[in-house]
Chemist: 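Dropping the structure in here first, questions after.
We count ligands from 1, going down the list as the structure has it; atoms in each ligand are counted the same way. Residue numbers start at 1 and run along the sequence shown. Just so it is clear, the values below take in all heavy atoms, side chains as well, and ignore hydrogens, waters and symmetry mates.
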Amino acid sequence: MKERTFNFSAGPSTLPVEALEKARDALFDFAGTGIGIMEISHRSQEFSAYILEVEANLRTLLGIADNYKVLFLQGGGSSQFFMVPMNLLLDKGKKATYLNTGVWSKKAIAEARLFGEVAVGFDGSAEGFHRVPRPDEFTVSEGSEYLYYTSNNTIYGSEYSYIPQTETMLVCDMSSDFLSRPVDVNRYGLIFAGAQKNLGPAGVTIVIIREDLLERAPLSVPTMLRYKTHADKGSMFNTPPVVNIFVAGEVLKLLKKSGGLEAVQQRNMEKAALLYEVLDSGDYYRGYAERESRSLMNVSFNLATPELESKFVAEALAAGMSGLKGHRDAGGCRASIYNAFPKEGVERLAQFMTDFAQKNPA
Ligand SMILES: *Cc1c(COP(=O)(O)O)cnc(C)c1O
């Protein structure tokens, strides 16, 4: 087999080799049943036990209290853009405040407007989304049911280093920094995260929802789109994405074994620091995000010209590092270094960046 490429892709993204090996074995034999994980009934005793263990491990890692439900849904992070307001706003045309810090927030705002009134409490669009608001810089419109924000802006490489302080209930899209650091779940009404950045393959989305919110959806919301439907049935109202849940489950076991979220955060800080040090060492590379908003997950940067950027991406690929081209909306380059991305790969990129700058004067 070819040596594994260092995959800096923003999502789907690199997964731990141990989890891939478990998945390979489980393709043919899940839990000693002689039946593959793609083939086994989600209602089998073995899978029923497995999904409970996945939930238990997630609860332990994040310290999720008993008054929260954990759901395994489909439809990606993007479906939560409408499920959230459908369930929490639709009844009697209520209002919510959204913080607009990038493409994903913008999409969530557009969807929420289909179901209720949306106030924008911070808008980074005019500045080109180079940062998230400072802790005292956003406003929450009076009468808002919730304050919605995107904790990590995958495309621009900006991330909140704090949890917004407000009396209003928090709703957060944590798709691209889920489980990358400890988080006080009790501060939130609802957290969601598509799996394919930090947790597993695309196709399962985690929703953590405070129990009392399950009753908020009006009767006009279709059964499959009501959180309560899935909460009442332990995410087994219909067939859940079994394989995806399996891989996520193996990733969670590894996270637990490797010291929990404090340890994960420590490693993520060390990895990101290697790249930001290169960005800060001169003016050859320009970091996209402002310093206080820098993401530990996605490091976005520019070189002097698009031509140099293309050369950079191509030569990096030839050196075993893939996925460094920036998102089409932000341009430039981006290194996504999620939990599972190995430190050796970050070290290799940092060295490559230093060498490239020397060989290719701007
Ligand atoms: C990737 C991403 C999404 C969209 O996820 P899909 O599963 O592709 O729908 C939403 N929010 C953030 C922050 C993301 O990074």
Chemist: Restricting to ring-ring contact (aromatic ring centres under 6.0 Å, His included), what partner residues turn up for Phe8, sequence neighbours left out?
Modeler: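 Testing Phe8 for ring-ring contact (aromatic ring centres under 6.0 Å, His included), a comparison that skips the adjacent residues, returns Phe341.
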Chemist: With a 4.0 angstrom cut-off on heavy atoms, strictly below it, pick out the residues next to ligand 1 and order them by chain and number.
Modeler: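 Residues within 4.0 Å of ligand 1: Gly76, Gly77, Ser78, Phe81, Trp104, Thr150, Asn152, Thr154, Asp173, Ser175, Ser176, Gln196, Lys197.
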Chemist: Kindly indicate whether the side chain of Leu279, heavy atoms from C-beta on, has any atom under 4.5 Å from the side chain of Leu275.
Modeler: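 SC-SC contact between Leu279 and Leu275 ruled out.
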Chemist: Ring centroids only, cut at 6.0 angstrom: are Phe178 and Phe192 within range, meaning strictly under it?
Modeler: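 Ring-ring flag for Phe178/Phe192: false, centres at least 6.0 Å apart.
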Chemist: Side-chain contact, heavy-atom cut-off 4.5 Å: Leu170 with Leu190?
Modeler: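 They are not in contact (no side-chain heavy atoms under 4.5 Å apart), so the answer is no.
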Chemist: Output yes when Glu344 and Arg348 qualify as a salt bridge under the 4.0 Å nitrogen-oxygen rule, no when they do not.
Modeler: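 No.
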Chemist: Are Tyr148 and Tyr98 close enough that their ring centers fall under 6.0 Å?
Modeler: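 Yes, close enough.
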